[in-house]
Amino acid sequence: MIILFDLDGTLIDSTEAILESFHVAFKTFDSPVPHEDLIKAEIGHPLDEMFLTLGVESHNVDAHVHAYKMHYREISCAKTVLLPNAKEAVELASQHATLGVVTTKTAKYSIELLEHMGLMSYFDVLIGREDVENPKPHPEPIFKALSKLQSDTSKYWMIGDTPMDILAAKAANINSVAVTCGYADEALLLEYTDNVSKTALEAVKSIKRV
């Protein structure tokens, strides 16, 4: 079996680091900082798309992304925590599955975070934003992760907290579990799947029962 995990809102809570980095990026260019609820509603999308949605003109997006990343890299480990039972979820999953991470975060920072939290050794692959042309909800990140994992199984799962995770799994024709511990509420997730759990640990336990 192969289980792929999303990162933000599924295993980790980096909301404080994300909001602070957006604040710094907007202030760097003397732009008004959007309300934090507007920023949180976009978490899970690639950074360039987030800045566009939040009102940055296209020719200024790359500069804002750079300012964001320069600050984020300095604070991410200190201002990111594991979600409740996330470590237990990964440990349990590793007992009966090969594990990977599929995220729209930058892979470099994602690996640093997971190493800092003592979890990277559980994962055989991590696919980040710079590893693909088309991020979730496109299936490319999932296909790329699976191509790097050795398995004779036909059982593939994606665990994530946003509709993009579920849509990517559907497009890749693999199973999925949505979790409500992240950035999308249960009502929204139920529009995309009936398979909803409260946490990654609950999701892993449900997969074991299948």
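The residues of the chain are indexed from 1 along the displayed sequence.
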Got a sec, which residues hit salt bridge (charged side-chain N to carboxylate O under 4.0 Å, His left out) with E91, two or more places apart in sequence or on another chain?
K87
Straight-line distance of T98 OG1 to K155 NZ, nearest 0.5 Å
13.5 Å
E140 (side chain) donor-acceptor with N134 (main chain) under 3.5 angstrom:
yes
Is any side-chain heavy atom of T106 closer than 4.5 Å to one of E130?
yes
Test item: K136 and D6 side chains (from C-beta on) under 4.5 Å apart, heavy atoms:
yes
Charged N-O contact under 4.0 Å between K148 and D124
no
Closest approach of I39 and P34, non-hydrogen atoms and distance?
CD1-O, 3.9 Å
Suppose the criterion is side chain to side chain donor-acceptor pair (under 3.5 Å): which pairs have a residue in residues 180-197, not counting sequence neighbours?
T15-Y183
Measure up the F26 and F51 rings against each other and bin them: parallel (under 30°), tilted (30 to 60°), perpendicular (over 60°).
tilted
Under a 4.5 Å cut-off applied to non-hydrogen side-chain atoms, are K69 and K108 in contact?
no
Taking the six-membered ring for Trp, are F123 and F5 parallel (under 30°), tilted (30 to 60°) or perpendicular (over 60°)?
perpendicular
Where A171 and P137 come nearest, the two heavy atoms and their spacing:
CB-O, 4.3 Å
Please report the closest heavy-atom contact between C181 and G9, naming both atoms and the distance.
SG-O, 3.3 Å
Is there a side-chain contact between H96 and V204 (heavy atoms, below 4.5 Å)?
yes
Of all heavy-atom pairs between T162 and A184, which one has the smallest distance, and what is that distance?
CA-CB, 4.3 Å
Membership question, hydrophobic clusters at under 4.5 Å side-chain separation (ILVMFWY): are M164 and I142 in the same one?
no
Specify the closest pair of heavy atoms between S21 and I75, including all atoms of both residues, with the distance to one decimal.
OG-CD1, 3.8 Å
